Amino acid sequence: MCGFRRIAGAGSLLYFDYMSARPRFLMCPPDLFDVDYVINPWMEGNVNKSSRELAASQWETLNKSLAKCADVTLIDPRPGLPDMVFTANAGLVVGEKFVLSRFLHQERQGEEPVCEKGVKQQGFEIFELPPDLPFEGAGDALLDRQNGWLWAGYGFRSELDSHPYIAKWLKLEVISLRLIDPRFYHLDTGFCPLEGGWLLYYPQAFDAYSNRVIEQRVSQEKRIAVSEADAAHFACNAVTIGKRIIVNQISAELRGRLEGAGFEVVETPLGEFMKSGGAAKCLTLCLTEPEPAKSKALSTVRSRELKLEGHLLDSGLLDRALELTVQSGGSFQILHFNLGKQRQSTSNADIKISAPSDEVLDKIMGQMIELGAVVGPKQENDAELKTVTQPGVAPDDFLSTTIYPTEVRVGGEWLRVQNQRMDGVVVVEGKPPAARCTLFRYLKTGDKVVVGSKGVRTVRKTESRDVRGTQAGHEFSFMGAGVSSERRVELVVDQISWEMHRIREQNGKIVVVPGPVVIHTGGAEELAWLVRAGYVQALLGGNAIGVHDIEQSMMGTSLGVDLKAGTSVEGGHRHHLRAINAIRGCGSIAKAVEQGVLTSGIFYECVRKGVPFSLAGSIRDDGPLPDTQMDLIKAQEDYARLLKDADLILMLSSMLHSIGVGNMTPAGVKLVCVDINPAVVTKLSDRGSVESVGVVTDVGLFLNLLTQQLKKMEGRNAIA
Ligand code: NAD
């Protein structure tokens with residue numbers, strides 16, 4: 001038997017009287033029900049573990065419960081389609097319109113023609129989505145009968161791009177909600193609009209944006225949020241008929257809340273179907289969903305097309321772009337993809353990005369632009385500029401800058417942003433217009449700041465497999481589990497020393513950012529040698545590196561520990577204070593060198609060699625040294641000045657200063673971060689740029705290897 005089978009009371013839909021007639025549901029007997037495959041987390045471990053007898057009796061009980069206040073129409077099950085029992089996914093009915101489902105998983109796609117045939121016999125006006133645009137019917141679309149809008153889910157099964165079609169065809173306002181917990185893969189597994197504008201739902205099933213939308217639409221008094229335990233028993237997967245709620249199982253507490261709100265709860269165990277990821281609502285499709293009285297087509301889904309070019313596959317760029325889109329609440333469609341066939345040739349892709357609102361789309365576009373995506377020429381716009389009205393405060397939706405070279409479009413021309421750095425804003429000024437990166441604190445009333453992501457593009461260097469296969473973008477773990485990673489550190493040191501040597505020979509600029517650990521681990525002598533040998537053109541640190549270097553130079557200790565003997569020195573804990581006091585007495589580190597008070601060490605070499613340094617103050621500083629800049633804005637300016645035109649930055653075990661330096665440094669500058677803590681290395685070297693290298697190792701050991709290698713390259717054997 002095929003098609004629909006009528007049972008008592010079911011009239012022709014075309015003449016259905018919504019006001020007086022009983023609602024009508026479509027169900028499919030579970031004669032062929034089983035868990036045959038795994039397409040949701042509930043099915044895992046349950047393949048062929050359901051009992052058909054028990055399923056049949058549970059289904060019968062649900063059917064009887066429904067029959068008390070509704071009519072039920074049956075559709076015959078088909079072999080090979082065990083999930084046909086979940087008729088909620090056959091399509092979406094509103095009034096006399098039926099939107100047919102397009103299943104995401106191949107396993108269920110066989111249900112589509114069966115449903116179509118049955119529905120046609122019922123006299124519905126049928127709507128079909130384009131092929132390859134998944135939409136899983138009433139499982140992902142629930143009408144709010146009170147307010148006349150349609151809640152629509154996406155994220156796992158239905159595609160966001162189906163929502164504008166549904167809005168247009170059904171003449172409804174469609175509110176898109178993103179599901180984020182794979183257990184609640186259909187909207188109706190974690191969300192149930194109730195009579196009178198009430199809502200039963202599991203907030204954690206949705207992303208933050210969707211929760212905000214829900215909260216804007218449904219007042220707090222009418223939102224009944226369920227616990228995880230209730231959600232996991234499919235408390236939200238309920239059939240609602242007026243004030244009656246038919247559900248698998250709920251806690252006494254939730255029952256109390258629902259009854260308090262005037263609802264009648266009927267529990268009917270459906271454990272066998274839970275093994276497949278469905279319960280009461282999934283097993284039914286309401287065929288008599290009245291069309292809301294006053295409704296108009298509206299969907300806030302917005303889309304934009306962009307282009308991505310480069311080594312899209314082997315660099316993982318395409319993967320990152322698509323993952324970012326999904327993680328940020330959007331969805332994508334690849335419109336064209338041209339694969340570069342040779343190792344050196346690049347690929348390009350045209351991608352359509354969709355998001356539930358302008359706000360989310362703008363956020364995603366910002367991230368895409370950061371990855372180097374550009375919008376097609378037809379969609380190109382000038383950048384939007386807003387005027388600063390309060391000194392030091394940017395307009396709300398300001399574009400926040402990254403380390404990558406950025407261009408903004410003004411008067412149809414693309415302008416390269418000057419002084420690129422991270423976490424700044426872009427000001428456009430002058431005639432002809434110019435764009436520059438600046439910080440909030442320098443904004444003046446009347447400045448024109450770039451806002452949003454339109455008319456902005458990032459120039460990214462193409463990452464190839466060859467580059468990624470070497471050291472770039474990778475961490476070298478010294479303490480790697482059982483791997484001879486010591487050799488890997490040596491390898492990366494070889495590469496760094498080669499680079500440093502080259503930069504020195506070309507009169508380039510190397511900036512070193514050392515923390516006091518350099519001294520504690522016995523690396524002072526090596527760093528002093530690097531300064532003396534011309535490998536350091538600027539040094540950025542804090543009070544501590546100065547204090548500890550000078551303590552070691554003057555007293556042979558670091559924090560009172562004799563570095564040669566490795567033992568504490570009597571009264572040594574005051575050594576660093578004595579060192580500070582001595583320098584304060586001289587007026588500055590340079591004067592201490594001049595006066596013969598400071599005769600060795602890193603800072604002595606800096607003064608002798610004329611290498612500029614900047615020491616930024618902090619709350620924990622002792623003294624401080626007279627050279628330590630306690631005005632942090634001035635310290636940041638000093639750092640920025642000394643970092644200008646750097647070719648390579650060596651960050652040596654100082655998280656605080658290294659993070660500051662990282663934010664000020666544009667892409668293109670080679671960055672080496674050495675720290676014993678892998679988390680710090682990852683944070684500092686993971687800038688998504690090809691030029692950063694992280695080395696997880698002891699900084700003393702690193703400096704030792706580095707100087708040895710450099711000396712080898714110079715043909716020397718001992719510290720000169
Ligand atoms: P930090 O916490 O910012 O960085 C220290 C880093 O060193 C950490 O990331 C840690 O993982 C790493 N590290 C520890 N042992 C290591 C090893 N053996 N090899 C490699 N890496 C290792 O601390 P900081 O930069 O030392 O100091 C923060 C601020 O406090 C600075 O401004 C500093 O001047 C100030 N400070 C002042 C004094 C003083 O005035 N006496 C003393 C200490 C710190």
Side-chain angles (χ1 to χ4, degrees), residues 104 132-134 154-155 159-161 302-355 360-381 399 401-409 414 416-417 420 422 453-475 666-671 682 685-694:
L104 175 77
D132 302 324
L133 185 56
Y154 72 101
E159 210 32 80
L160 185 60
D161 281 335
R302 297 287 176 270
S303 305
R304 268 165 95 182
E305 285 175 25
L306 50 80
K307 279 185 181 303
L308 209 54
E309 192 163 353
H311 294 280
L312 300 186
L313 297 185
D314 56 7
S315 71
L317 188 61
L318 185 65
D319 200 36
R320 254 183 289 158
L322 303 183
E323 184 62 20
L324 257 174
T325 303
V326 172
Q327 287 309 323
S328 305
S331 74
F332 62 84
Q333 217 183 322
I334 298 180
L335 306 173
H336 300 287
F337 186 81
N338 292 320
L339 178 67
K341 296 204 175 62
Q342 309 296 332
R343 191 152 57 105
Q344 72 281 9
S345 49
T346 55
S347 307
N348 59 68
D350 292 334
I351 307 171
K352 180 181 167 197
I353 305 280
S354 299
V360 179
L361 185 63
D362 231 35
K363 191 175 137 208
I364 297 172
M365 288 305 289
Q367 291 169 322
M368 292 296 123
I369 286 167
E370 216 172 286
L371 286 180
V374 291
V375 295
K378 279 194 208 128
Q379 294 192 33
E380 260 180 16
N381 289 306
L399 169 83
T401 57
T402 65
I403 59 170
Y404 302 105
T406 303
E407 294 182 343
V408 293
R409 193 170 178 268
W414 286 100
R416 174 63 67 96
V417 175
Q420 190 71 39
M422 197 166 147
S453 61
K454 284 189 192 126
V456 179
R457 68 185 186 196
T458 305
V459 184
R460 292 283 294 255
K461 234 186 186 176
T462 302
E463 275 180 55
S464 72
R465 182 207 279 120
D466 292 354
V467 174
R468 291 172 64 84
T470 59
Q471 92 263 33
H474 286 254
E475 260 177 54
V669 180
K670 295 192 175 64
L671 214 139
T682 306
S685 55
D686 188 14
R687 296 161 31 104
S689 82
V690 289
E691 310 87 2
S692 54
V693 183

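Everything numeric in this text was worked out from a predicted model, so none of it was measured.
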Show your reasoning for whether side-chain contact (heavy atoms from CB on, under 4.5 Å) applies to E309 and V374. CA-CA 9 Å; E309 192 163 353; V374 291; over 6 Å; no

Begin with the C-alpha distance, continue with both residues' side-chain angles, and end with the deciding distance and a verdict on side-chain contact (heavy atoms from CB on, under 4.5 Å) for T401 and V417. CA-CA 10 Å; T401 57; V417 175; 5.6 Å; no

Full working for side-chain contact (heavy atoms from CB on, under 4.5 Å) between L317 and R320: CA-CA 5 Å; L317 188 61; R320 254 183 289 158; 4.3 Å; yes

Derivation and outcome, side-chain contact (heavy atoms from CB on, under 4.5 Å), residues I403 and V669: CA-CA 10 Å; I403 59 170; V669 180; over 6 Å; no

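Atom CZ of residue F332 and atom CD1 of residue I334 lie 6.0 Å apart, to the nearest 0.5 angstrom. One finds the OG atom of S354 at 12.0 Å from the CZ atom of R304 (value rounded to the nearest 0.5 Å). Distance check: T325 OG1 to M365 CE gives 9.5 Å after rounding to the nearest 0.5 Å. Taken from CD1 in I351 to CD in E305, the straight-line distance is 10.5 Å, to the nearest 0.5 Å. One finds the CG atom of L308 at 8.0 Å from the CE atom of M368 (value rounded to the nearest 0.5 Å). For the atom pair S453 OG and L361 CG, the distance stands at 7.0 Å (nearest 0.5 Å).
Checking side-chain atoms of T458 against main-chain N and O of G372 turns up no donor-acceptor pair under 3.5 Å. No donor-acceptor distance shorter than 3.5 angstrom exists from the side chain of E159 to the backbone of Y154, with no hydrogens or angles considered.
Annotation: side chain of D362 is not in contact with side chain of R302 (no heavy-atom distance under 4.5 Å).
For the pair S345 and G340, the tightest heavy-atom approach, listed with the atom from each and the gap, is OG-C, 3.4 Å. Closest heavy-atom contact between R457 and E380: NH1-OE2, 4.3 Å. When all heavy atoms of I364 and G329 are compared, the pair lying nearest together is CD1-C, 4.4 Å. The two residues A321 and L371 come nearest to each other via the heavy atoms CA-CD1, 3.6 Å. Of all the heavy atoms in N381 and R409, the pair that sits closest is C-NH1, 3.0 Å. Closest approach of G455 and W414 over heavy atoms only: O-CZ3, 3.5 Å.
For N348, the CG atom sits in a packed shell: over 12 heavy atoms of surrounding residues, nucleotides or ligands are nearer than 6.0 Å.
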